[in-house]
Amino acid sequence: DAPLYAVASPPAVATPRAARRTAARALAELTWPELAAARAAGCDTAVLPLGATEQHGAHLPFATDTLIADALAARLCRRLPNAVALPALPVGCSGEHGAFPGTLSLGWDTLRAVLTDLVRGLARQHFARVVVFSAHGGNDAALAAAAPALRAAGRPTRVVVCSGIDGLAARWQRASARFGVTPGAAGHHAGEFESSLIAGLRPAALRRTALRRGHLHAGGDAQRLFYPSLRRTAPSGVVGDPRGANATRAVAYLDAWVEALLEQIGHR
């Protein structure tokens with residue numbers, strides 16, 4: 001299988017929504033004169049995605065959330081005019097996965113300090129808007145708590161902080177349901193949803209021979225499964241059933257996630 005390099009690209013058949021898309025810019029691939037030219041041409045929004053380095057069962061890599069964060073940022077910048085995607089932060093608040101070897105984690109205060117420094121720097125560069133979002137659920141509470149400090153640090157730059165893991169999880173499950181995937185199988189961590197995303201973004205990273213059903217959450221507050229340690233309730237590190245992962249769903253899943261982000265940003 002070849003990776004879906006165009007997974008962040010607009011569809012070939014133009015639609016009213018696709019017509020609003022613009023060419024995405026990735027800071028990591030630009031030179032400073034190229035960015036300066038883009039800024040002079042009106043690029044005034046910086047998109048800062050948060051990822052993580054944490055276990056995702058036996059079938060997905062530690063970089064799963066970071067890979068997804070970068071893909072979301074690229075796709076989001078195709079929908080936001082005059083935006084540049086910054087590199088995803090590869091380490092976040094992942095203490096709930098600390099019982100699994102290899103997981104890296106920051107404390108809430110550390111993440112807030114890093115984000116505050118980045119936002120201040122972007123404000124000094126006179127970006128009109130900074131959009132911060134996370135592809136890792138464990139960052140969500142820390143990001144929401146840091147939002148007031150980030151908005152204050154960025155003034156007069158407008159800082160938009162996207163958070164709300166419960167609403168996002170519901171959006172993921174609705175997207176999966178359109179393909180006949182149950183909420184339990186779609187899962188909250190390394191289930192069908194994330195596994196289909198990685199199957200589309202980085203096919204070789206999905207260890208198909210290691211696909212196993214994980215803990216199937218029956219409903220209620222899913223976050224209670226994760227704290228203080230996910231390994232206590234899901235020894236394999238998987239919440240969901242990744243066995244039905246399908247690369248062809250990746251675009252639909254990314255689109256659903258981007259739509260949720262656009263709603264929070266206030267851009268439709």
[X] side-chain N/O to [Y] backbone N/O, donor-acceptor pair under 3.5 Å:
{"X": "Arg202", "Y": "Gly200", "result": "no"}
{"X": "Arg231", "Y": "Ala99", "result": "yes"}
{"X": "His215", "Y": "Leu230", "result": "no"}

- Going by the salt bridge (charged side-chain N to carboxylate O under 4.0 Å, His left out) test, which pairs reach into residues 150-161, not counting sequence neighbours?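 Counting only pairs at least two positions apart or across chains, no salt bridge (charged side-chain N to carboxylate O under 4.0 Å, His left out) contact touches residues 150-161.
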- Task: Using the test side-chain contact (heavy atoms from CB on, under 4.5 Å), find all partners of Pro90 that sit at least two apart in sequence or belong to another chain.
- Result: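 side-chain contact (heavy atoms from CB on, under 4.5 Å) list for Pro90, sorted by chain: Thr53, Thr66.
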Mind listing the side-chain donor-acceptor pairs of residues 111-119 below 3.5 Å, one per line with the distance, residues two or more places apart or on another chain?
{"from": "Arg112", "atom 1": "NH2", "to": "Asp109", "atom 2": "OD1", "distance (Å)": "3.1"}
{"from": "Thr116", "atom 1": "OG1", "to": "Arg112", "atom 2": "O", "distance (Å)": "2.7"}

- According to the ring pair (Phe, Tyr, Trp, His ring centres under 6.0 Å) rule, which pairs have a member within residues 95-120, sequence neighbours left out?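 Residue pairs passing ring pair (Phe, Tyr, Trp, His ring centres under 6.0 Å), neighbours aside: His97-His189.
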Could I get the full list of side chain to side chain donor-acceptor pair (under 3.5 Å) partners for [X], not counting sequence neighbours?
{"X": "Asp70", "value": "none"}
{"X": "Thr64", "value": "none"}
{"X": "Ser176", "value": "Glu192, Tyr253"}

- Pairs flagged by side chain to side chain donor-acceptor pair (under 3.5 Å) wherever residues 31-50 is involved - sequence neighbours left out: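 Sorted pair list: Thr31-Glu34, Thr45-Arg129.
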- What residue pairs, at least two apart or across chains, pass side chain to side chain donor-acceptor pair (under 3.5 Å) with a residue in residues 133-149?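 As it turns out, the side chain to side chain donor-acceptor pair (under 3.5 Å) pairs with a partner in residues 133-149, which skip direct neighbours, are Glu54-His136, Asp65-His136, Ser94-His136, Ser134-Asn139.
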- salt bridge (charged side-chain N to carboxylate O under 4.0 Å, His left out) against Arg243, all qualifying residues, sequence neighbours excluded: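 Asp241.
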- Query: Excluding sequence neighbours, so at least two apart, what forms salt bridge (charged side-chain N to carboxylate O under 4.0 Å, His left out) with Glu194?
  - Reply: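 Salt bridge (charged side-chain N to carboxylate O under 4.0 Å, His left out) check on Glu194 returns nothing, list empty.
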- Side-chain touch Phe133/Val47, heavy atoms, less than 4.5 angstrom: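 When only atoms from C-beta onward are counted, Val47 and Phe133 do touch, with a gap below 4.5 Å.
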- To which residues is Phe62 joined in a hydrophobic cluster, defined by side-chain heavy-atom contacts under 4.5 Å among Ile, Leu, Val, Met, Phe, Trp and Tyr, whether direct or through other members?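 Members besides Phe62: none; it forms no cluster.
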